[in-house]
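What follows is one structure encoded as structure tokens, with my remarks underneath.
Note that this is a predicted model, so its numbers are computed, not measured. Computation of the quantities below employed the complete heavy-atom set of this structure, encompassing side-chain atoms and omitting hydrogens, waters and symmetry-equivalent molecules. Note that ligands are numbered from 1 as they come in the structure, with each ligand's atoms numbered from 1 the same way.
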Amino acid sequence: MLLQNILTFFLGSKHERDLKELVPLVQKINAREPEAMAYADAEFPRKTEEFRRRIAEGESLDSMVPEAYALVREAARRKLGERIFDVQLMGAVVLHKGRITEMKTGEGKTLASVPAAYLNSLTGKGVHVITVNDYLAERDARWMGPIYELLGVSVGVILSQMDNEVRKVSYSKDITYGTNNEFGFDYLRDNMCWSPSEKVQRGHAYAIVDEIDNILIDEARTPLIISGMAEDDTFKFAEVNKLVDQLTECEKDPQTGTYPEGEAQPAGDFKIEEKNKRVTFTDQGMNHIEQLLQKRGLIRGSLFVDENFEYIHYFTQALRAHKLYALDVDYVVQDGKVQIVDEFTGRILYGRRYSEGLHQAIEAKERIKIAQRNRTLATITFQNYFRMYGKLAGMTGTADTEAQEFGKIYNLEVVVIPTNRPVVREDRDDEIYLTEEEKLEAICTSISELHGRGQPVLVGTISIEKSEHLSRMLVARGIRHEVLNAKNHAREAMIIADAGARSSVTIATNMAGRGTDIKLGGNAEFRARRKAGTQADEEAFRAALTEEYPKWLSDYEEVKGVGGLHVLGTERHEARRIDNQLRGRSGRQGDPGSSRFYISLEDDLMRLFGGENIKGLMSRMGMKKGEPIVHPWLNRAIERAQKKVEERNFEVRKHLLEYDDVLNEQRKFIYARRDEIISDPHLKDRVISTGEDLFGEIFERFRTSNDMPQVRAASLLAQILESLFHEPRLTAAQIASLPAEEVNRTIREELRDSINQKTSEIGEEILNRFIQFEYLRAIDSRWQDHLENLEALREAVYLRAYSQKNPLLEYKLEGFQIFDDMLYEIKTNIARKIFRVRIQQAPAQPPAGVRPGAQLQASHSAMGQFAAGGSATTAVGAQGAVPVAARSGGRGGSAFGGGNGGGGSQPQQVQVKRAVPKVGRNDPCPCGSGKKYKYCHGQ
Ligand code: ADP
Ligand code: MG
């Protein structure tokens, strides 16, 4: 179609304005074409080099569009024998601009994305091309490969069963093809890894998302989740629970009800602070714990070596569970579960869990089975994954109906590109029946008729069950047909490629065989491939193709003669977009074709959203049993019903995203911290500064306290022990007599010394690895707690809507609060451990991709067939979860495919090797200083 005609076609609309912008560019590209045609093949990579150089020198990509696109067009002509149409170039410009291009099915979007991918790859930052399944990723990369090869840019593909190393290579290419799931999971896994070298992705500069409506709208409601078994420490909780009542509380002054003040080393094992629900151990208490554990054979040697250190944490939580948390006050036990009671409102916070193991400690106390839980380790929604890209572009046959959503939520503009040739498909009015039974009868009759005439039919159904039901009906009538339900993409591509053959009947759910072209008369190439066999070489294939081609040509003419492909929709979907997708399968590239939807008043859409309007219309038109009604008014009424549902679903998705935003900000923050820690060679500085911060808070309380000098000195010491596990060399008496600033300076110095001493003992590198390990472990496990808490909070705030509260606001505020608490916990835990523990050697690095104690399982629950983000409140919608990918043992595993979880096997333990024999806290220090170990290197 000439550019001029295109313009008059869209006269006066937004579409026209969009195109007016594009036409001059296309003309410029056309003008550069003769130049590109004159290049020898060897010239192409040289041009690519030249472009790269010019970009490096500051030239903008925009200014290079005409030249670069003309070059790609010529490369495609040479390598694929297809000259990129003007309309495809328009689409390619839209992609480069970071917008969505709507191009109908069969218009050649695969090829249209190449110029944009090529141009943007020249920056060297990597381009991701996203497809909906592995089959298409591989196909497209291979199909477009020769063009890229001629141009001199590299291409990679990411497939689900690939291991880490291969992935990394693929991501290092100029252009990388792969599915949304794989890209999303890789991002999550990259943020679970333990060193920068394990990461496979190298940033998110530019992505072109094929079938973008499917990914950002249909799949918007289910996040990607990586889950796994946490480290199994349930037995430690149970054991400690049995020991904890042997500890004794420090004696309180019977008169004041408080602990005697001013004693730095009081008699008793622990003190309780009811006000802020804290427990602190005395020196004696720690020794007591050590003895108890040794006697029970739970530890050998000192409590203060890294592998035993965790027991302090178990005892702390066990004591808190026993002394500070009361059944039916702070929590209740219901159906074998501990449920938290909100301290302000008295409401039960279903699903919320106390963090840091307190919940398990309470479970142990209540003798409830401490569940080793399969938990979410990382999660992200597609929206948030794709919003990370510096520039995002998309393409699909059906975006315009959702243009508002793309605009509002993703800030993505939709540009509708006209078809290369006018669409001549005849979209007939819906046929409406009273009952589903009558409808199905009519459908079978129609299929039988078309089949008899030799016209191919593609039958769209909304679910697997319905397609199987219809299949049985056709079997009964002896009509040969194929049934596709999006299970085996490669096999289905073969079948759908032939769906345009004479007399073929193909029943499909809407995901089935997507992305594969339906050619009238069948697909000669696929047939030749089948004939030659999968092992055949290029020559054998060519021979088969030469044989098949004339046969196909005559079939093609014949099918054209009987009206082309007929699309028969067995039910209207709740979104018009999905109906349009189905229709769009027919009438590609100006082919003849037709479509019709069949509807019954028993269909979900009609029952739930049709309303009186449609029924009224029907009765006015006089509906009789077994006879359909066909009228344009009805089509419009149905469309209104669909619009209503679409709008509501949009609201639901928007709402979900608002909630998800909270998590997203926090995830970004945590991942950024994680990245810093992974690549920081001087983590000890971080620990020192955390220590000083924590001490600063304590010191501030000390400085401003109005207590007696002895009392506030003792309290200072207790707090330092509590929050840093550090025992200052200064005694309470010394502190009481020194000027405050002197105390401040001395203790800060001690803290720094304590870390520096560790550095000189084991070397900074080992210390750094140790700290890193501890940090990552703390961040990951707290973050996982947090994910669970946010999830529960989300449910809890919904209930608050009944009490005139704004749930989203509550969620944001509380979500922020618990996040803040989490960060604080992480900090203090690290500081305590690093200051106190005796490090013997750095932990062994966990194997690539596997975190300690985790069996990974990646999953994404796909929405049901035809169920475009179906709403949870109606019967029309998701058909249930389908696990898309399951892989155990991190990326390296090959257990792809089944829905098998990762459970069962023992979590990996991180081995810490001992370099020196263990020393008791009260033994003389092995360094020979003559001091007790606990006052020397055991600090
Ligand atoms: P879409 O993704 O838009 O549905 P495809 O990329 O699958 O379309 O391409 C559909 C068909 O059109 C393919 O068989 C392809 O070879 C063909 N095609 C694409 N562009 C051209 C072109 N410029 N000239 C000739 N054929 C083309
Ligand atoms: Mg496609």
Side-chain angles (χ1 to χ4, degrees), residues 1 26 29-30 33 69-70 72-92 94-95 100-117 129-133 135-147 177 179-180 208-215 393-399 416-421 423 425 458 489 492-493 496-500 510-529 545 549 552 556 565 567 580-591 593:
M1 195 196 259
V26 173
I29 301 167
N30 285 337
E33 200 177 356
Y69 278 34
V72 177
R73 179 186 246 178
E74 177 56 17
R77 200 185 60 80
R78 286 191 200 179
K79 289 295 166 181
L80 301 187
E82 292 174 358
R83 177 177 173 273
I84 301 179
F85 301 127
D86 285 354
V87 287
Q88 284 174 303
L89 290 177
M90 289 182 176
V94 172
L95 291 177
I100 294 175
T101 171
E102 180 181 293
M103 294 169 69
K104 297 268 171 293
T105 312
E107 284 296 299
K109 289 186 284 293
T110 322
L111 182 56
S113 63
V114 174
V129 184
I130 282 96
T131 62
V132 293
N133 62 49
Y135 165 77
L136 291 174
E138 195 174 23
R139 181 200 72 175
D140 292 357
R142 192 148 28 102
W143 186 10
M144 300 298 127
I147 308 177
Y177 283 78
T179 66
N180 45 331
I208 300 174
V209 183
D210 195 7
E211 317 262 8
I212 193 167
D213 57 328
N214 176 50
I215 289 162
M395 47 192 192
T396 172
T398 45
V416 178
I417 305 291
T419 52
N420 185 45
R421 298 198 190 156
V423 177
R425 185 187 61 238
L458 178 68
H489 301 302
E492 290 182 8
I496 203 98
D498 242 1
N510 86 322
M511 302 289 280
R514 65 163 47 209
T516 304
D517 213 14
I518 304 181
K519 289 208 168 93
L520 297 186
N523 190 313
E525 215 172 290
F526 273 74
R527 284 186 187 178
R529 194 145 273 147
L545 189 60
Y549 193 77
W552 167 77
Y556 173 71
L565 178 67
V567 165
N580 292 341
Q581 260 172 28
L582 181 64
R583 277 206 155 120
R585 293 246 176 191
S586 159
R588 294 168 150 203
Q589 295 284 351
D591 281 343

Side-chain donor-acceptor pairs of residues 135-145 under 3.5 Å, sequence neighbours excluded:
from   : atom 1 : to     : atom 2 : distance (Å)
Arg139 : NH1    : Gly515 : O      : 2.8
Arg139 : NH2    : Gly515 : O      : 3.2

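Here Asn580 pairs with nothing under the side-chain hydrogen bond (donor to acceptor under 3.5 Å, both in side chains) rule; sequence neighbours left out. Listed by chain and residue number, nothing satisfies the side-chain hydrogen bond (donor to acceptor under 3.5 Å, both in side chains) test with Glu107 (two or more places apart in sequence, or in another chain).
With salt bridges taken as basic N to acidic carboxylate O contacts below 4.0 Å, none links Arg77 and Glu33. Between Asp210 and Lys109, no side-chain nitrogen of the basic residue sits less than 4.0 Å from a carboxylate oxygen of the acidic one, so the salt-bridge criterion is not met.
In this structure, Asn133 contributes its side chain and Thr179 its backbone to no donor-acceptor pair below 3.5 Å.
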Between ligand 1 and the protein, find all N/O pairs closer than 3.5 Å and give the distance for each.
from     : atom 1 : to     : atom 2 : distance (Å)
ligand 1 : 3 (O)  : Glu107 : N      : 3.4
ligand 1 : 3 (O)  : Gly108 : N      : 3.1
ligand 1 : 3 (O)  : Lys109 : N      : 2.9
ligand 1 : 3 (O)  : Lys109 : NZ     : 2.9
ligand 1 : 4 (O)  : Gly106 : N      : 2.6
ligand 1 : 6 (O)  : Lys109 : N      : 3.4
ligand 1 : 6 (O)  : Thr110 : N      : 3.1
ligand 1 : 6 (O)  : Thr110 : OG1    : 2.4
ligand 1 : 8 (O)  : Gly108 : N      : 3.2
ligand 1 : 14 (O) : Asp517 : OD2    : 3.0
ligand 1 : 14 (O) : Lys519 : NZ     : 3.4
ligand 1 : 16 (O) : Glu82  : OE1    : 3.4
ligand 1 : 16 (O) : Glu82  : OE2    : 2.6
ligand 1 : 20 (N) : Gln88  : NE2    : 2.8
ligand 1 : 23 (N) : Arg83  : O      : 2.8
ligand 1 : 23 (N) : Gln88  : OE1    : 2.9

